[in-house]
Amino acid sequence: MNKETHSNSRMGRLKRPQAPEPRAGRLSAEERLPVETIGPDEASMNMVGAVIEELQVAEEELRAQNEELATARQSIEAERERYKDLFEFAPDGYVVTDAAGIIREANRAASAMLNIPQHWLLGKPFALYLTGAERKTFRAHLSQVQGDKRIREWELHLNPHGRPPLSVALKVAMAQALPGTAIQLRWLLRDITLRKQAEEEWKRLNDQFRLLLESTGEGVYGIDLQGRCTFINKAGATTLGYRPEELYGKLMHQVHHHSRLDGSPYPAEASPIYNSFRSGRACQVDNEIFWRRDGNSFPVHYSTYPIIDGGVIKGAVVTFTDITERKRAEEASARLAAIVGSSDDAIIDKTLDGIVVSWNRGAERIFGYSAEEIIGKPVTVLIPPGRADEEPEIIERLKQGERVEHYETVRRRKDGREIHVSLTISPIKDARGQIIGASRIARDITEHKQAEEEIRRANQELAAVNAELETFSYSVSHDLRAPLRAMRGFAQALLEDYANRLDSVAKDYAQRIVKAARRMDTLMQDLLAYSRLSNADLHPQPVSLSAIVAEAQAQLKEDLQERKAQLTVEEPLPQVVGHPAILVQVVANLLANAAKFVAPRVLPQVRVWAEKRGQRTRLWVEDNGIGIKSEHQGRIFRVFERLHGIETYQGTGIGLAIVRKGIERMGGFVGVESEPGRGSRFWIELP
Amino acid sequence: MNIVKYTILLVEDDPNDVLLMERALGKAKLVNPLHVVEDGEQALAYLEGQGPYADRARYPLPVLILLDLKLPRMSGLEVLAWLRQQPGLKRIPVVVLTSSNEPADVNRAYDLGSNSYLVKPGGQEEMLELVKALNLYWMILNEKPESARSRTAPRTPASQGVTS
């Protein structure tokens, strides 16, 4: 085909010199012309000479032209052969059909693709060698290409003889040598099996990669050198609060990394992600935060890797995980670790075989072993000889899931010293509830034990002292009073039985013995009463103050009458909680006190009333006595404190001490308000 | 007057107290025989009629025991406890007469079966009144129990203890 086109055009160029061609057959005759036309006429001779010359030139030209033509023919032939070879040996398949798709030519490659000899193909419809389903498309292209004359290209499957279908890319172009000549269709067939396989492999890998990205819980995204998102997986987008398509092309730093936790701006240039595609270095970060779309942040662990293609950094891949839970768990366990670490108690973790797994500072302190020394060793090194059977028993109980609480025993320190400990041992279970070990909390109760021992000893001593005191009181009441009784009794006997033989001085002396003895007896009685207050078992109970005051008044009846004291009680008086007998004694002492300390020739006036003060009741005893200077007011409640000479106001100095002691033993308070010359107001306060 | 002279047994180790008691009894004009023993063991011997006290005519069983608590060798409370266990003696009224007004002593004495508890008075006036009261109550007004072992002790009119 091609060679014809070429030969035609070559023929066209040679058209002009073709005119003389009909004369060419006469050339050999004309070469002989000069002989025949030379005449005797000079002029005509000249003219003939010119013509001959012209003919000779023309002849020469013609010869050259013929040579050229022959050369041209040869080269066209050679060209034709060349194209034929190109057509024939081209690696792609070439087929030429007519307008109806009947094969006119087919090269070797086409023949090989179809596994059919070349000459068999000629005259067959091309569609015959396509898979049935693709013939329709083929016919459509066949007619369309003749309409618009445009080159068409598509992929289809050839149906080679005795072989599986073959993927090919098919290209068709229409050719018409000259208007009016027959239309040729030229088909190029390229075997694309390998390309197809590569494509499919790529697709498979791509799918796998996509699946991988989508199935991971981690966020993964890629950015270009401007930091714009080139892809992001669903997990990543969701974590940030977006859909993936919303993020493509966005500056990711501005999306989730714009500020630090404290709200200060975080320039992109400072970010490790930026750095990774600047420097080409990968890095991991777990102390920063990412921001969500809703403005909340979360602690994040992220890794950033540069994308390097052909030695050139193209961007970066960032993978990230929300580590809120991890941080929380870390914090919780850090907190627990801090508690365990700072505990004064030994906190020990051991396996069920009794091997120490962890050992805190408390354990180091209590047992003297450092963690390095004892971890991995059996806990039995702490058990003193003679208690060896304790540990198996404890472990047996643990295996039953039991907790051992406040088990008091003895353990041995590294230095061999034995200490008292209180153990609480609990089973440690794994997630499935299986018992895998035991936590042991040991408290050093050696000091506690010693303190207990000391208290016990102190109590014993106290009991001994108390017993001694009781013996002493007993002696006072029996033995000391007996001689007094004798002194007083015999002095009185002298006064009575020998009155007529004693002069007034002797009688006075005897009187003094009696008085002194009586006074000493009172003193001892009061002291006994006071010391009894310290030891007595008090069982406070509700008592009526009215009854108490009435009883005290009755006990003091003679004394009050003697002093012509006027006593006013502002009834009703409320109930208080106290010990009746002691309370009577207290009130009697207050009343006696009030009636006693009056100026000479003043008749005592005593007023008693009560007032509620919150949950408590205060009983007031007011007198019109001599009063007490404020500097003395603190002293008057002490034992043996007397403000006056024995001749002025009699007393043992114990009365108010009894008041204070008695009230304090009942959980109350006492006090006095007084000014010299203006009387005193004593009060007691009880629940 | 047909007077049965009821015997009083005083268990007292302090001779001063004995002397003052005797003086007070005299002042009160009591004629009842007063036998004095100085400690708990002697008290037991007397009551059992042992040793020097074997002669019941001379040392008859008392109708009242005045018992001090603080005694050598055997305390008053021990005597009391023993007495209340003796079938022939257990009904004899016992008045504790002692220096102590310790509640513990008072309660213990009553627990062991004391019939009364008196604190020795300091002065002689009080002593006299006490002796008079003892006479009036325990010698005159109080019904004497029968001896638990024998019914030999005759019932007597209440006025027989006093001779005035």
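Chain letters run A, B, ... following the sequence lines, proteins first and then strands; every chain starts at 1.
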Neighbour count >12 (heavy atoms, 6.0 Å) for atom OH, Y110(B): yes
Y53(B): ring pair (Phe, Tyr, Trp, His ring centres under 6.0 Å) partners, not counting sequence neighbours: Y46(B), Y59(B)
Q460(A) atom CD: more than 12 heavy-atom contacts under 6.0 Å: yes
Within-4.5 Å side-chain heavy-atom neighbours: D17(B) and R485(A): yes
Residues, nucleotides or ligands: over 12 heavy atoms within 6.0 Å of K27(B) NZ: yes
Any residue meeting salt bridge (Lys or Arg N to Asp or Glu O under 4.0 Å) with E126(B), in chain and number order, not counting sequence neighbours: R488(A)
Validation row: Q492(A), M127(B) side chains within 4.5 angstrom (heavy atoms): no
Non-hydrogen atoms of A486(A) and L20(B) that approach each other most closely: CA-CD1, 4.1 Å
Atom group of K120(B) that falls short of 4.5 Å from chain A, counting heavy atoms: both
Check: E496(A) and R23(B) side chains under 4.5 Å, non-hydrogen atoms: yes
